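Here's the structure we're looking at; comments come further down.
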Amino acid sequence: MVRALLVAGASDVSGTEINIGSGQSTALNTVLAEIEAALGRPVRRRHLAARAFDVPRNRLDISRAAADLGWQPGIGLRDGIHRLLA
């Protein structure tokens, strides 16, 4: 994310939205499972009913980041979580 922001800040691109993400849909439970694996212990969860504005799935189209900025994700979810927790 930081690398994407640095590239965007140094570019001449303006007046458009550019999504920064993995380009893949990842369930929240998958993210939590990766965090638990990295921590070596469970993470407390509290499941609540879905709200009317909750989006069941979301996947950012990052093609503009590649085309306009030459940016693409360089660190996967698992590695990023391990680096963050280290």
Side-chain angles (χ1 to χ4, degrees):
M1 178 61 120
V2 172
R3 190 168 51 87
L5 292 173
L6 291 172
V7 169
S11 78
D12 294 333
V13 176
S14 66
T16 188
E17 294 83 22
I18 298 177
N19 291 321
I20 302 300
S22 68
Q24 300 176 11
S25 178
T26 305
L28 182 55
N29 284 327
T30 301
V31 175
L32 288 172
E34 291 293 346
I35 292 170
E36 289 175 333
L39 291 173
R41 64 176 172 80
V43 173
R44 189 174 68 170
R45 302 172 193 208
R46 186 172 62 143
H47 295 274
L48 303 174
R51 300 165 295 187
F53 59 86
D54 287 336
V55 179
R57 290 188 176 272
N58 188 10
R59 181 181 62 86
L60 296 178
D61 177 359
I62 61 171
S63 60
R64 187 173 285 161
D68 293 355
L69 302 176
W71 179 87
Q72 60 184 339
I75 300 172
L77 177 66
R78 178 176 292 147
D79 189 32
I81 289 171
H82 280 273
R83 288 182 184 199
L84 175 68
L85 294 175

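Predicted model only: the values in this text are computed from it and were never measured. If you read the sequence from its start, that first residue is 1, and numbering goes on from there.
- With values rounded to the nearest 0.5 angstrom, L6 atom CG is found 11.5 Å from S11 atom OG.
- Closest approach of I81 to A38, counting heavy atoms only: CG2-CB, 4.0 Å.
- Residue A65 comes nearest to I20 through the heavy atom pair CB-CD1, 4.0 Å, listed as atom of the first residue, atom of the second, then distance.
- Linking Ile, Leu, Val, Met, Phe, Trp and Tyr residues whenever their side-chain heavy atoms come within less than 4.5 Å leaves M1 and L85 in two separate clusters.
- With hydrogens and angles ignored, the 3.5 Å screen pairs no side-chain donor or acceptor of R64 with any backbone N or O of N19.
- When each of L39, L77, N29 is paired with E34, the side-chain contact (heavy atoms from CB on, under 4.5 Å) condition holds for L77 and for no other.
- Put simply, OG on S14 and CG on D68 are 10.5 Å apart, with the number rounded to the nearest 0.5 Å.
- A salt bridge (charged side-chain N to carboxylate O under 4.0 Å, His left out) with E36 is found for exactly one of R45, R41, R44, namely R45.
- Taking all atoms of both residues into account, the shortest heavy-atom contact from Q24 to R59 is C-CG, 3.8 Å.
- Of all heavy-atom pairs between W71 and G21, the closest is CH2-O, 3.4 Å.
- Under the 4.5 Å side-chain contact rule for hydrophobic residues, L84 and I35 do not share a cluster.
- Taking every heavy atom of both residues into account, S25 and R57 meet most closely at OG-NH1, 3.9 Å.
- With a 6.0 Å radius and a threshold of 12 heavy atoms from other residues, nucleotides or ligands, R3 has its CZ atom above the threshold.
- With values rounded to the nearest 0.5 angstrom, L69 atom CG is found 10.0 Å from L5 atom CG.
- Remark: side-chain polar atoms of D79 are not paired, donor with acceptor, to backbone N or O of G76 under 3.5 angstrom.
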